[in-house]
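Read through the structure below, which is laid out as structure tokens, and then see the notes.
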Number of protein chains: 2
Amino acid sequence: MGSSDHRTTARILDILETIASVQDGVSLSDLSRSLAIPKSSLHPLLCTLAERRYLHYLQREERYYLGENTFVLGNKYVNNHDVLEQIKDVMQQVNQKTGETLYFGVLSKRDVLYLAKADLHSQFRVVSNPGNKLPAYSTGYGKALLSQFMPDQIHSLYPEGELKLVTPQTVRNVDQLNIQLEGIRTTGFAYEKGESTTGIQCVAVAIKVDGQVLAGMSIAVPEFRYTAQREEQFKTLLDDARSQIQRIIAGNRSQWIYSGEYNR
Amino acid sequence: MGSSDHRTTARILDILETIASVQDGVSLSDLSRSLAIPKSSLHPLLCTLAERRYLHYLQREERYYLGENTFVLGNKYVNNHDVLEQIKDVMQQVNQKTGETLYFGVLSKRDVLYLAKADLHSQFRVVSNPGNKLPAYSTGYGKALLSQFMPDQIHSLYPEGELKLVTPQTVRNVDQLNIQLEGIRTTGFAYEKGESTTGIQCVAVAIKVDGQVLAGMSIAVPEFRYTAQREEQFKTLLDDARSQIQRIIAGNRSQWIYSGEYNR
DNA sequence: CCTTGTTGTTCGTATATAAGAACGTCGTTC
DNA sequence: GAACGACGTTCTTATATACGAACAACAAGG
């Protein structure tokens with residue numbers, strides 16, 4: 001269980017993350033500077049990553065880009081497990097009935113990882129794609145996921161107290177967040193009002209199996225189409241979808257490795 | 001341009017690929033045996049990968065699984081570039097008109113990498129998801145992509161001559177493949193009859209920009225719904241979509257790094 | 001034309017990493 | 001209950017890797 005820092009491994013991940021974080025590619029020297037690693041040390045790593053097609057080196061630009069095999073590898077995280085497909089089916093039924101987009105995600109440390117969406121019948125297509133992360137407190141399903149933690153746990157997750165704003169509407173500090181989380185625990189529903197995307201409101205629920213919160217799901221609605229009456233409909237449908245999904249996960253419990261436990 | 005084999009880098013990729021290739025997770029000892037690497041050497045690598053959440057270690061099972069960050073990283077390959085989104089739009093229009101599924105992919109060495117699909121209005125949902133690879137010769141859009149290569153180039157790609165069958169219908173050897181590729185070059189259309197999925201037929205086209213084949217696109221139709229008359233419709237729509245997509249790519253040429261060049 | 005800036009590449013050696021054996025722990029089997 | 005076989009973990013030193021400097025190639029600027 002020892003926490004050994006293997007330098008080379010960390011470097012490879014740093015390299016990949018750095019290159020992934022920019023659209024326009026990165027040169028060897030750029031990497032050397034931003035990671036504070038000698039060019040001569042980076043060179044063999046980059047060559048091997050490029051040979052294995054986890055990177056691409058464009059000679060004309062002298063820049064490295066992400067390679068296909070990074071994509072292939074990453075998608076194995078979801079392609080190996082068909083639980084997600086079953087969950088998408090449930091979500092798509094709700095999508096069909098409401099015409100609004102559904103999101104599904106899990107917790108990854110302090111962020112929510114967005115795993116799946118259902119927007120076949122949505123009037124407005126959202127730009128975001130699965131595989132993105134957002135601060136958990138800024139989204140509806142993120143807050144649903146955080147609602148499993150008591151105030152002191154939230155404080156140790158966010159020792160600063162102040163929360164980084166995603167939009168002007170994002171909850172600003174841990175104490176306000178805890179008030180909201182308490183509300184989620186009592187009502188079973190989380191709400192988001194333009195806190196991660198301006199103009200979008202959400203209702204969200206936590207997916208619990210064996211008393212453990214494993215995932216969050218939300219329905220995202222443009223403000224101008226959001227009414228109290230529709231909110232009731234959303235909550236009914238979400239609640240129903242929630243229990244279906246909980247049954248699906250419970251039936252395939254062994255397949256559920258997404259974001260694992262929070263121990264260690 | 002030196003091809004140095006950096007052992008540690010190769011090992012990390014081997015580790016990730018091995019773990020990604022099985023559903024049920026892998027133990028340290030399993031990895032040690034299958035990769036022929038001492039356990040003591042693997043241990044620090046696995047610890048670091050797990051700390052960075054590219055792997056998850058389930059203590060109760062003593063097994064390693066892929067972690068979320070592998071997924072997050074891999075999706076940056078497509079999330080950073082919105083050309084794909086525009087291409088999907090074009091494909092979805094064809095999907096809406098035909099009710100059949102469209103596929104889009106690029107070449108990765110001898111395989112086709114499946115990048116996007118449009119199946120919103122399809123009667124049958126296909127199980128496969130983006131991020132998968134298939135032998136290029138076994139699919140319609142794969143053959144469209146291979147049609148850029150002359151017989152001798154194909155022979156050097158597949159020196160064995162015999163091709164591994166994906167289904168009983170898959171083309172069996174390089175010479176037959178070359179005959180088909182010649183037909184694709186003259187007609188501009190590639191066909192697939194259950195060669196990668198039994199019961200599914202495809203028509204496919206190559207996406208060319210500046211005289212270079214960059215991608216392939218196909219429409220996949222269940223055999224029983226495939227008629228000569230509809231085939232004509234598919235070809236017209238595909239051809240139209242092709243030129244739209246070529247214009248999109250030409251307009252964002254710099255964004256197109258997918259699978260890069262084949263030099264080096 | 002020579003300078004000064006990039007870029008990537010190649011060396012030799014100091015150093016950090018990998019290997020193998022030994023160890024601790026838990027289950028299973030006899 | 002003792003012995004065996006798994007698992008992961010810890011050690012030490014032989015070895016392979018990383019460093020820094022020097023190198024080559026090219027572009028921009030004086």
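Below, read A as the first sequence line, B as the second, and so on, with proteins coming before strands; counting in each chain starts at 1. The structure displayed is predicted, hence computed values, not measured ones.
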Item to check | Near-strand residues of residues 11-33 of chain A, defined as heavy-atom separation under 4.0 angstrom from DNA chain C | outcome: A/Ser27, A/Leu28, A/Ser29, A/Arg33
Item to check | Any A/His6 side-chain nitrogen or oxygen under 4.0 Å from OP1 or OP2 of C/dA18 | outcome: yes
Checklist entry - With distance as the sole criterion, is a donor-acceptor pair present between the side chains of B/Asn129 and A/Glu85 under 3.5 Å? => result yes
Item to check | side chain to side chain contact (heavy atoms under 4.5 Å, CB included), paired with B/Pro151, selected from B/Leu177, B/Leu181, B/Asn178 | outcome: B/Asn178
Checklist entry - Does the distance from a Lys or Arg side-chain N to an Asp or Glu carboxylate O, for A/Glu68 and A/Arg52, drop under 4.0 Å? => result no
Checklist entry - What integer distance in Å separates A/His43:NE2 from C/dC11:P? => result 12 Å
Checklist entry - Any Lys/Arg nitrogen of A/Glu17 or B/Arg53 sitting under 4.0 Å from an Asp/Glu carboxylate oxygen of the other? => result no
Checklist entry - Taking the side chain as C-beta and beyond, is there a heavy-atom pair between A/Ile87 and A/Ile249 under 4.5 Å? => result yes
Checklist outcome for this item: Which of D/dT17, C/dT17, C/dT10 is nearest the side chain of A/Arg7? It is C/dT17
Checklist outcome for this item: Against the side chain of B/Lys39, the closest entry in C/dT9, D/dA18, D/dC7 is D/dC7
Item to check | Any residue meeting ring-ring contact (aromatic ring centres under 6.0 Å, His included) with B/Tyr114, in chain and number order, not counting sequence neighbours | outcome: B/Tyr103
Next on the checklist: Main chain of A/Ile37, side chain of A/Ser32: is a donor-acceptor contact present, judged purely on distance under 3.5 Å?
Outcome noted: yes
Checklist entry - Which listed nucleotide (D/dA18, C/dA18, C/dG20) is nearest to the side chain of A/Leu45? => result D/dA18
Item to check | C/dT17 to D/dG20 separation - P atoms, rounded to the nearest Å | outcome: 14 Å
Checklist entry - Over how many whole Å does the gap from A/Gln59 atom CD to D/dA25 atom C1' extend? => result 14 Å
Next on the checklist: Can a side-chain donor-acceptor contact be found between B/Asn132 and A/Lys76 if the only test is distance below 3.5 angstrom?
Outcome noted: no
Checklist entry - Would a line drawn from the ring center of B/Tyr137 to the ring center of B/Tyr158 be shorter than 6.0 Å? => result yes
Checklist entry - In dot-bracket form, how is DNA chain D paired, counting a Watson-Crick or G-U wobble pair only if both its distances are under 3.5 Å and using | for bases paired to another strand? => result ||||||.|||||||||||.||||.||||||
Item to check | Interatomic distance where CG belongs to A/Leu58 and P belongs to C/dG8 [whole Å] | outcome: 12 Å
Checklist entry - Within this structure, what is the CG-to-C1' distance between A/Leu42 and C/dT10, rounded to whole angstrom? => result 16 Å
Item to check | Contact nearer the 5' end of DNA chain C, comparing A/Glu62 with A/Thr8 | outcome: A/Glu62
